[in-house]
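Just so you know, these numbers come straight off a predicted model, no measurement behind them. Remember, it's 1-based here, ligands and their atoms both numbered in the order they're listed.
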Amino acid sequence: MEINRRDFLKVTAAAGAVATVGLPKLNAFAASEGKTSGVTAGEWIPSTCQGCTAWCPVEFFVQDNRISKVRGNQLSKANNGYCCPRGHLMIQQTYDPDRIKVPMKRTNPQKGKGVDPKFVPISWDEALDTIADKMMELRKNNEPHKFMYMRGRYSPTSTDLAYGSIAKIFGSPNSFSHSAICAEAEKMGPGYTQGFFGYRDYDLAKTKCLVVWGCDPLSSNRQVPNAINKFGDLLDRGTLIAVDPRMSTSTTKAHQWLPIKPGEDGALAAAIAHVLLTEGFWSKEFVGDFKEGKNLFKAGAVLDEAAFVEKQTHGLIKWWNLALKDATPAWAAKKSLIPEKQIIAVARTMGKAGSACAVWMGPGVAMSPRGTYASMFIYALNGILGSVETEGGVFQSSSAPGTKFPEISDKFLDETAKKFGKEKKLDGRGAKDMPAIMGGFDSKKDKDGKVTESPKAGVVTNNIANGMLKNPGAVKVCIATWNNFNFSATGASRWDKAMAQVPFFAHVVTNASEMSQFADIVLPATFAPTEKLSILNNMANLHGHLSIQQPVAKPLWQVKSEETEFVWLLAEKLKARGFSNLYDYYASFEDPETKQKPTNAAEFCEIAARISSQKVWNGKEKLKGDKIASWAEFKKKGIYNSETYAYKKNWGKFKTVTQKFEFYSETLKKTLTLFAAKHKTSIDDVLKSSGYEAQGELVFVPHYETPKRWGSEKEYPFTFIDHKSRLNREGRSANTVWYQEFKKLDAGDVSWDDVAKINPADAKKLGIKDGDTIRLTSPTASIITKAKLWEGVRPGTVAKCFGQGHWAYGRTAAKDYAKAQPRGGNNNELMPDDYDRLSGATARNGGFTGVKIEKV
Ligand SMILES: Nc1nc2c(c(=O)[nH]1)N[C@H]1C(S)=C(S)[C@@H](COP(=O)(O)OP(=O)(O)OC[C@H]3O[C@@H](n4cnc5c(=O)[nH]c(N)nc54)[C@H](O)[C@@H]3O)O[C@H]1N2
Ligand SMILES: Nc1nc2c(c(=O)[nH]1)N[C@H]1C(S)=C(S)[C@@H](COP(=O)(O)OP(=O)(O)OC[C@H]3O[C@@H](n4cnc5c(=O)[nH]c(N)nc54)[C@H](O)[C@@H]3O)O[C@H]1N2
Ligand code: SF4
Ligand SMILES: [Mo]
């Protein structure tokens with residue numbers, strides 16, 4: 001009998017368990033389970049982690065009002081009761097000694113990087129009075145559009161509470177989300193092929209071949225516990241292929257690693273598509289077949305569109321003729337540096353797994369200048385394989401039923417709000433050189449049945465700073481919540497300059513991070529997973545869920561939730577000053593059961609949570625998922641799981657122009673046609689202005705674009721690779737001791753420090769040794785860090801984990817908080833701000849930053 005390595009471990013673990021029967025429990029909670037010997041019994045209370053976009057349903061073990069342990073919610077079908085390593089950091093984040101404990105105001109009028117704000121404590125009342133006065137001044141002076149609201153992370157059901165309502169009702173178009181520095185370009189792939197502008201799910205329990213491409217699902221991305229849980233069996237059952245220029249955690253487990261030259265993903269995808277077609281591996285069921293049944297795909301052959309009959313797809317032959325026929329593995333090998341033989345072997349493995357091969361595409365491919373096309377290309381491989389909504393394949397996200405808040409009707413919008421709300425947005429979206437056409441186009445019918453169509457325009461978060469610098473008077477009052485753009489956005493120093501110019505800035509956060517150093521008022525926010533009441537929704541493992549976030553222990557500080565309590569209190573203050581619309585809107589909310597309206601911040605917070613979650617517990621809906629009888633039961637269980645996603649659910653009705661999976665994107669063509677018409681120009685001119693190479697018909701199909709690079713290879717010989725840390729909770733965990741202590745869990749990294757990972761061959765040429773202090777210089781900036789010699793990167797590239805380099809945030813994150821001395825260097829100070837302009841997303845991948853390395 002053959003036992004593979006994992007089963008061997010399972011067998012020995014079982015044997016070990018038998019041997020220990022009879023020994024006392026070594027579990028730290030064993031004693032507390034029965035309230036013995038002075039230890040207080042605790043209880044598991046459900047909430048939701050927001051350490052990353054998995055938004056895992058979790059449970060906290062609470063003893064004597066103290067949180068002592070974290071695990072996944074045992075009822076969750078998305079994470080099967082597990083949480084990832086970062087989940088545990090929530091305890092240290094809750095009890096971080098550097099939390100903002102009370103409201104504070106700045107006493108030093110001078111603002112700049114490293115300038116001490118000289119914060120002093122004030123009351124919530126004084127803080128809110130000041131903010132309301134500043135806002136009313138704008139209204140008095142007929143410039144409400146000079147108010148700006150920015151959010152980083154948020155609760156998905158609370159979108160209309162702060163982001164959707166404050167600026168709109170007040171009279172400003174300037175309400176911005178962080179999504180364009182997050183992963184927006186990734187949505188362009190499934191969006192313009194399949195009509196789904198969203199994050200995908202996977203059937204990992206059934207996948208036979210998984211290609212992780214530009215992401216590292218064991219460390220990051222959107223369902224880490226599920227990936228960790230399922231990868232073991234997947235490795236036994238099938239093949240794991242990783243396409244990443246750096247040896248990621250997933251790579252260390254992979255059967256095939258394709259250490260691609262950064263930014264050349266389009267070339268590799270093209271060659272894989274070429275092999276899948278020439279060798280007859282496309283899905284006959286999803287894509288269709290040649291009329292005569294004979295495979296006519298041959299390198300270089302121009303084909304007649306009429307020769308092929310498609311089923312669920314559109315434009316395969318056009319795509320082949322425009323972008324695939326000459327994309328041979330030999331051609332791609334020169335560009336991607338992946339050997340021709342490996343490309344062919346990998347394509348065949350994928351082809352043999354067919355519709356049970358899932359291509360898991362991540363920001364590494366998409367968040368780069370021109371990333372839209374790489375995103376479309378890599379995602380389209382799922383189309384060829386027919387792995388869209390199939391056993392083992394790729395899925396649109398599942399959902400659980402939520403309820404929206406009341407619409408902001410005209411009665412809450414006065415003439416001033418209507419007038420100034422139409423002013424130009426500061427982020428430059430929709431300009432000829434910044435289409436930001438995330439989401440395709442809108443189609444509206446008026447009462448006479450006349451249809452008006454217009455391209456959508458998404459946020460261009462990182463361009464706000466440029467807008468502010470170009471027009472220094474544009475923002476006079478700013479409120480921001482749960483973000484730190486001075487650290488998290490590329491070209492970070494632009495944010496230092498831009499925020500220093502804002503006359504009044506209030507930041508609602510947990511810690512005085514880099515951005516807070518520019519604030520006039522800092523307000524202590526709830527640490528969401530343990531202190532905020534809110535409803536989250538998400539999906540993984542073919543289930544959608546709604547889960548609660550609730551205070552699991554009594555907060556130690558004067559914290560308030562930024563999206564409910566803070567906005568309510570602010571609305572009250574504005575009302576007292578004669579502007580009551582915001583208050584009136586919030587006060588119009590109605591409890592779904594008692595029909596009671598909120599009279600204070602706490603009631604508003606609870607009613608909002610009950611409104612958005614009501615469908616899963618009110619007993620009135622015909623739901624196919626979990627059965628929950630009441631709000632009390634929902635709070636106790638913490639989660640509603642939907643039914644399992646049905647295979648092939650959207651076949652024949654994809655939300656594209658043709659309702660098919662578009663290899664030739666009629667949806668992109670239509671959107672760009674509307675966009676170009678708006679600018680009275682041609683599509684080719686739009687593409688050229690936005691920095692893309694394609695012209696003509698090529699614009700509408702996934703195709704290869706040359707990677708853009710800042711800096712010549714001569715002056716900046718290294719290509720910079722940015723990646724996430726296993727321990728980064730977006731930008732928020734670096735001030736915990738566990739983060740620093742376990743930092744070495746990031747492949748190639750070390751604890752309590754920040755390193756640039758350089759191939760030993762390069763280091764030798766530069767005379768650099770392990771641990772040497774080095775300077776990395778890009779065409780726009782320099783950072784100081786340490787060198788780590790590591791074979792997990794190709795010669796000519798240098799990889800550095802995002803997350804260190806804080807000069808503020810707290811005593812652990814910064815090397816010396818008081819002196820504003822960073823621990824290492826921030827990647828975002830090194831990388832220039834650049835964009836995938838079709839989506840408006842900020843570039844951080846694709847090797848667009850050339851750097852030089854010097855020993856200091
Ligand atoms: N641990 C952790 N997990 C997280 C988060 C976190 O902060 N920490 N944040 C969450 C959030 S907000 C998001 S948006 C998601 C997204 O997060 P991920 O999907 O993890 O995305 P990134 O970390 O941006 O992925 C970049 C990956 O692409 C690789 N890469 C860089 N350049 C290239 C290239 O040119 N080609 C290819 N093929 N690969 C390249 C990098 O080495 C890295 O592995 O993660 C979520 N999950
Ligand atoms: N180089 C590089 N840059 C990146 C990335 C990368 O991989 N590489 N990832 C990008 C991605 S995917 C994202 S989503 C962005 C995230 O970047 P941002 O949207 O800017 O968010 P964070 O940096 O996570 O926000 C940190 C701030 O939130 C506050 N905070 C922490 N917890 C809470 C809380 O519970 N409530 C409130 N109200 N405030 C809180 C802290 O005080 C701090 O000020 O970063 C992006 N930047
Ligand atoms: S950090 Fe992300 S994956 Fe980990 S437990 Fe929290 S939400 Fe889940
Ligand atoms: Mo993100």
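- Of the protein's non-hydrogen atoms, the one nearest atom 19 (O) of ligand 2 is H178 ND1, 2.6 Å.
- In this structure, atom 9 (N) of ligand 2 lies nearest to the protein heavy atom K724 NZ, 3.3 Å.
- In this structure, F527 has its ring center at least 6.0 angstrom away from the ring center of Y95.
- In this structure, atom 38 (N) of ligand 2 lies nearest to the protein heavy atom E562 OE1, 3.0 Å.
- A salt bridge is absent between E565 and K532; no separation between the charged side-chain nitrogens and carboxylate oxygens falls under 4.0 Å.
- Against a heavy-atom cut-off of under 4.0 Å, F485 is close to the following atoms of ligand 2: 19 (O), 20 (O).
- Classification of K111 and D520 as a salt-bridged pair holds, one side-chain N sitting under 4.0 Å from a carboxylate O.
- For ligand 2 and R153, the ligand atoms under 4.0 Å from any heavy atom of the residue are 14 (S).
- Excluding waters, the set of protein N/O/S atoms under 2.8 Å from atom 4 (Fe) of ligand 3 reads C84 SG.
- With hydrogens and angles left out, the side-chain atoms of S547 and T48 include a donor and acceptor closer than 3.5 Å.
- Residue contact check: M831 has heavy atoms under 4.0 Å from atoms 1 (N) of ligand 2.
- Scanning the protein for heavy atoms near atom 44 (O) of ligand 2, the closest one is S513 OG, 2.8 Å.
- The nearest heavy-atom contact from the protein to atom 11 (C) of ligand 2 is I181 O, 3.5 Å.
- A heavy-atom separation below 4.0 Å is not found between T481 and ligand 2.
- From the protein, the heavy atom lying nearest to atom 47 (N) of ligand 2 is S488 O, 2.7 Å.
- For the pair D216 and R726, the salt-bridge criterion is not met [side-chain N within less than 4.0 Å of a carboxylate O].
- A salt bridge does not link K743 to D754: none of the charged side-chain nitrogens sits closer than 4.0 Å to a carboxylate oxygen.
- Ligand 2 has an N or O atom lying under 3.5 Å from an N or O atom of T526, backbone or side chain.
- Proximity annotation for atom 37 (C) of ligand 2: of W482, F487, F527, W482 comes nearest, heavy atoms only.
- For atom 27 (C) of ligand 2, the closest non-hydrogen atom on the protein side is N483 O, 3.5 Å.
- Ring orientation note: the planes of H507 and F505 are tilted relative to one another, at an angle of 30° to 60°.
- Scanning the protein for heavy atoms near atom 24 (O) of ligand 2, the closest one is G731 N, 2.8 Å.
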